[in-house]
Protein chains: 2
Amino acid sequence: MTDRADESGRAAEVDEVIVALADPTRRRILDVIAAHGEATATTLAAELPVSRQAVVKHLAVLDRSGLVQGRRQGREVLYAVRPDRLDATARWMAGLAAKWEARLAGIKRLAER
Amino acid sequence: MTDRADESGRAAEVDEVIVALADPTRRRILDVIAAHGEATATTLAAELPVSRQAVVKHLAVLDRSGLVQGRRQGREVLYAVRPDRLDATARWMAGLAAKWEARLAGIKRLAER
DNA sequence: GTGATGTGCAACCATGAGGTAGCACGTCAA
DNA sequence: TTGACGTGCTACCTCATGGTTGCACATCAC
């Protein structure tokens with residue numbers, strides 16, 4: 001029962017989140033940040049099998065998608081995880097699944113008549 | 001409160017679904033299939049701005065991820081959409097968002113003391 | 001001030017993924 | 001049987017993306 005204009009409006013954000021989540025390194029980065037509460041690019045690079053620069057690039061993607069937010073503290077930038085976009089994407093996805101199920105149920109009913 | 005072994009077990013499937021959904025052409029293919037109930041690679045190619053071969057490749061990815069299933073009927077292969085994996089991924093994502101929220105709430109509590 | 005540490009930026013490399021074209025093979029209809 | 005149509009496979013091209021290195025700049029501790 002979600003309205004159609006709202007869906008298309010969210011499409012861009014949802015797309016960014018999904019693309020951001022599609023990369024395994026990015027998922028590990030999110031895991032580490034979530035585990036630590038906050039983390040810097042340097043910290044993350046120390047814990048992952050990639051260079052700091054790679055982490056920085058991934059953080060940029062995650063920041064653009066809204067999955068993460070950085071706050072500057074002196075010379076370092078602390079990144080924290082943001083659940084809202086992730087939650088919105090989960091709801092979008094659940095809605096799509098529900099729509100598919102409804103469509104399939106309708107087709108099955110037609111086929112049985 | 002989801003158990004850890006279950007999560008890692010689903011990680012591969014969830015990953016495949018997310019990667020499959022990350023491509024915009026693939027999302028359009030899913031939309032068209034869902035709208036028609038069933039569709040062949042040739043039908044889809046006629047409705048989308050890509051060649052049949054491209055559609056075939058995308059369908060292979062979607063099939064591997066479980067988002068779609070094909071059934072052969074004579075010389076043509078009809079693809080239909082499958083909601084279960086999508087639904088499972090939505091739930092996984094919602095669970096992750098909840099975990100993030102819980103973690104953030106815990107950190108905030110600590111910070112306020 | 002000076003060294004150490006962390007970030008920011010640019011150039012560069014390599015590989016995988018999306019896309020195309022071409023052809024061989026099965027299947028339906030006349 | 002023969003032509004039309006749909007699929008399956010292979011080879012090939014291009015470009016975005018994940019990754020690296022190197023260096024300049026800011027900031028903290030001593």
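Here is the naming used below: chain letters follow the sequence lines, and residue numbers restart at 1 for every chain.
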Whole angstrom value for the distance that separates [atom2] of [N] from [atom1] of [X]:
X: B:Leu48; N: C:dG18; atom1: CG; atom2: P; answer: 15 Å
X: A:Arg28; N: D:dG18; atom1: CZ; atom2: P; answer: 16 Å
X: A:Leu44; N: D:dG19; atom1: CG; atom2: P; answer: 13 Å

Could you go through nucleotides 26-30 of chain D and list every protein N or O atom that sits under 3.5 Å from one of its N or O atoms, giving the distance for each pair?
residue, atom, partner, partner atom, Å
D:dT27, O2, A:Arg75, NH1, 3.0

For the side chain of [X] and the backbone of [Y], is there at least one donor-acceptor N/O pair under 3.5 Å apart?
X: B:Arg72; Y: B:Gly74; answer: yes
X: B:Arg27; Y: B:Leu21; answer: yes
X: A:Thr89; Y: A:Arg85; answer: yes

**Asked** Got a sec? Which of residues 64-71 of chain B come in under 4.0 Å of DNA chain D, heavy atoms?
**Response** none
For [X] versus [Y], what's the shortest heavy-atom pair and its separation?
X: B:Ala20; Y: B:Leu67; answer: CB-CD1, 4.0 Å
X: A:Pro83; Y: B:Leu104; answer: CD-CD1, 3.6 Å
X: A:Ile33; Y: A:Val81; answer: CG2-N, 3.9 Å
X: B:Val56; Y: B:Ala41; answer: CG2-CB, 3.9 Å
X: B:Ser65; Y: B:Glu16; answer: CB-O, 3.7 Å

Got [X] and [Y] here, is their nearest side-chain heavy-atom distance under 4.5 Å?
X: A:Tyr79; Y: A:Leu44; result: no
X: B:Glu47; Y: B:His36; result: yes
X: A:Val50; Y: A:Val55; result: yes

**Request:** Would you mind telling me which residue lines up with the more 5' stretch of DNA chain C, A:Lys57 or A:Tyr79, judged by nearest nucleotide?
**Result:** A:Tyr79
**Request:** Look at B:His58 and C:dA17 and indicate whether a side-chain polar atom (N or O) is within less than 4.0 Å of OP1 or OP2.
**Result:** no
Please produce a list of atom pairs where a protein N or O lies less than 3.5 Å from an N or O of nucleotides 21-25 of chain C.
residue, atom, partner, partner atom, Å
C:dG22, O6, B:Gln53, NE2, 3.1

